[in-house]
Novice: 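Here you go, one structure.
Counting starts at 1 for both ligands and their atoms, in listed order.
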Amino acid sequence: MNDQTAKRNFDLGIDKQTVMTLGSHCSLQVLKGAKDEGLNTLLVCEEKRFDMYKRFKFIDNIVSIKNFKEIINKNFQDELIEKYSPILIPHGTLISTLNMDELESIRIPIFGNKWILRWESDRMLKQQLMDESKLPSPTQIPSKNEIDGLCIVKLHGAAGGKGYFLVTDKKGFEEQAQKLIKSRVIGSEENLFIQKYANGVPVYLQYFYSPITNELELLGIDRRYETDIDAIGRIPSKFQISSNIEPSYTVVGNIPIVLRESLLPEVYSMGERFVESSKRLVPPGMPGPFCIEGVYDNNANFIAFEFSARIVAGTNLYVSGSPYSDLLFETPMSMGRRISLEIKRAIESSKMGLITT
Ligand code: AMP
């Protein structure tokens, strides 16, 4: 462990809780929010990004490591616990770096329900939880032999849409799958998941559920900005076929959205159904941030194709609050800040057991 601790805020006092996260994904927003709530902040980052992160004064301590995989090292974790007693905020990078056995073995208390992250990264469990929550979702295609019409083929895990492709038949599936196998992105076709393509406009609903108040909050809405699918619209249709571009879905950023107000009752209802079913299927349920992801079709009906059972990077849009958080809070409330507010409330009411696993 190469400890390049900056220690800029001695005046905070040692009794203050430390919020920790990995340097990637939404770490800046999470730690800024923690600092705004008066908590200590700890970033574990890869050496190559140390110079970037040290620019931000709200990060009290930076510990750099060669590779995020080192986070599973028990001695390393014990050192962090001994020195900082942190709460770890999980995000997409933690999930894509570790397998679920590794993640569940982490000794540092994790904000939220770490057991539900397995349900996020396993496509079958994910579908089960979405079905239990009565979220309308695209038909799942059990095998390549049953591909009939436009389908989207996905990889397992949180890879930000990387490697996804579209097919209309078995032959197209096999061709694209072979490319991924050759480039060693996947081991075999078994690693792919086929879903009917849901035609509509993408919308990502960012929620926070507090088990302390038993309230669900909608804190923001975004859509992803994805190459090449969002680039294709820039090519006039007469050139699209000859350009021969295979659409891919790699996320490069996020764009804010506000919905028609008449759609909000169903948005809240979907979030509540998700919270209730996760309590039944994966105790203790869904404390903290989560996101339901899908499209609105031409009847303005929502079709959900995914959920994330932790903070999503689209919340980075709202470091100073969103059109939705502003309706609920007097202060600018990012998702990162909301997490730290919950930590403070849990400490004050001795309910840490409700928000960490
Ligand atoms: P995901 O990793 O599932 O969030 O998906 C990444 C991107 O793929 C989304 O933002 C959508 O643009 C697209 N996508 C995923 N599933 C579907 C689907 N069933 N129908 C249409 N587009 C989809």
Side-chain angles (χ1 to χ4, degrees), residues 25-26 91-96 116-131 133 135-142 144 146-168 172-173 176 180 185-186 191-207 220-234 245-257 259 270 274 289-317:
H25 194 267
C26 55
H91 55 52
T93 304
L94 188 72
I95 294 169
S96 57
I116 203 171
L117 298 174
R118 187 181 283 276
W119 291 62
E120 173 186 328
S121 45
D122 180 309
R123 295 267 175 208
M124 300 304 160
L125 292 175
K126 175 173 262 179
Q127 195 58 45
Q128 194 185 333
L129 191 46
M130 297 205 345
D131 291 345
S133 312
L135 298 178
S137 60
T139 314
Q140 201 181 309
I141 310 293
K144 62 181 178 183
E146 286 160 63
I147 298 174
D148 177 20
L150 190 58
C151 292
I152 185 163
V153 183
K154 306 180 177 189
L155 277 64
H156 286 269
K162 208 162 176 217
Y164 290 13
F165 57 89
L166 297 181
V167 288
T168 50
F173 173 89
Q176 296 287 342
L180 291 177
V185 176
I186 53 167
N191 301 110
L192 295 171
F193 178 86
I194 313 165
Q195 217 176 39
K196 269 268 181 219
Y197 187 83
N199 190 37
V201 287
V203 171
Y204 286 61
L205 305 165
Q206 306 162 5
Y207 301 93
I221 305 177
D222 73 294
R223 59 158 293 193
R224 290 170 165 191
Y225 201 35
E226 297 161 328
T227 57
D228 284 326
I229 195 68
D230 289 322
I232 285 171
R234 299 167 63 85
I245 296 173
E246 289 288 350
S248 58
Y249 292 81
T250 306
V251 182
V252 294
N254 300 81
I255 303 171
I257 287 187
L259 283 181
M270 287 191 294
F274 187 79
F290 67 98
C291 182
I292 299 179
E293 311 163 2
V295 293
Y296 278 98
D297 69 11
N298 51 9
N299 289 315
N301 287 323
F302 192 76
I303 306 163
F305 47 69
E306 286 274 359
F307 68 80
S308 299
R310 35 83 197 172
I311 187 169
V312 289
T315 59
N316 290 341
L317 283 164

Novice: Is it the side chain (CB and beyond), the backbone, both or neither of Y204 that lies under 4.0 Å from ligand 1, heavy atoms counted?
Specialist: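 For Y204, the contact with ligand 1 is made by the side chain alone.
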Novice: Please check this pair: side chain of S121 against backbone of L117, looking for a donor-acceptor N/O pair closer than 3.5 Å.
Specialist: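 Side chain of S121 to backbone of L117, a donor-acceptor pair under 3.5 Å: yes, one is there.
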Novice: Hey, does the side chain of D122 reach the backbone of R118 with a donor-acceptor pair shorter than 3.5 angstrom?
Specialist: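 Answer holds: no.
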Novice: Give a yes or no answer on whether the side chain of N316 reaches the backbone of H25 with a donor-acceptor pair at less than 3.5 Å.
Specialist: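 Confirmed, N316 side chain pairs with H25 backbone.
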Novice: Could you check whether E293 pairs with R223 (Lys NZ or Arg NE/NH1/NH2 to Asp/Glu carboxylate O, under 4.0 Å)?
Specialist: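 Here E293 does not pair with R223 in a salt bridge, since their nearest N and O are not under 4.0 Å apart.
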Novice: Do the charged groups of R310 and E120 touch, with an N to O distance under 4.0 Å?
Specialist: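 The answer is yes: the pair qualifies as a salt bridge.
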Novice: Would you mind listing which atoms of ligand 1 come within a distance below 4.0 Å of any non-hydrogen atom of R224?
Specialist: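 Selected atoms, number and element: 1 (P), 2 (O), 4 (O), 5 (O), 6 (C), 10 (O).
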Novice: Does the gap between the ring centers of F274 and F290 come in under 6.0 Å?
Specialist: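 Yes.
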Novice: With the threshold set at under 4.0 angstrom, would you say K196 reaches ligand 1 through any of its heavy atoms?
Specialist: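 Judged by the 4.0 Å heavy-atom criterion, K196 does count as contacting ligand 1.
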Novice: Take every heavy atom of P138, measure it against each atom of ligand 1, and state whether any distance is under 4.0 Å.
Specialist: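 Checking ligand 1 against P138, which is what was asked, there is a heavy-atom contact under 4.0 Å.
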Novice: Near K154, which atoms of ligand 1 are under 4.0 Å from a heavy atom of that residue?
Specialist: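 Checking each atom against K154, I get 3 (O), 15 (C), 16 (N).
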Novice: Are any of the N or O atoms of Y249 closer than 3.5 Å to those of ligand 1?
Specialist: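 Between Y249 and ligand 1, no N or O pair is found under 3.5 Å apart.
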Novice: Q195 heavy atoms, cut-off 4.0 Å: which ligand 1 atoms fall inside?
Specialist: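 What qualifies from ligand 1 is 16 (N), 18 (C), 19 (N).
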Novice: So, using ring-ring contact (aromatic ring centres under 6.0 Å, His included) as the criterion, who are the partners of Y204 when residues are at least two apart?
Specialist: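 Testing Y204 for ring-ring contact (aromatic ring centres under 6.0 Å, His included), a comparison that skips the adjacent residues, returns none.
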Novice: Checking the N or O distance criterion of under 3.5 Å, is ligand 1 in contact with Y197?
Specialist: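 Not met; the criterion fails.
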Novice: Between the side chains of Q195 and T139, is a donor N or O closer than 3.5 angstrom to an acceptor N or O?
Specialist: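 Side-chain D/A pair, Q195 to T139: absent.
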Novice: Checking the N or O distance criterion of under 3.5 Å, is ligand 1 in contact with R123?
Specialist: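 Such a contact does not occur with ligand 1.
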Novice: Under a heavy-atom criterion of less than 4.0 Å, does I152 contact ligand 1?
Specialist: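 So I152 counts as touching ligand 1.
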Novice: I need the atoms of ligand 1 closer than 4.0 Å to a non-hydrogen atom of E293, numbered in the order shown.
Specialist: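 What qualifies from ligand 1 is 4 (O).
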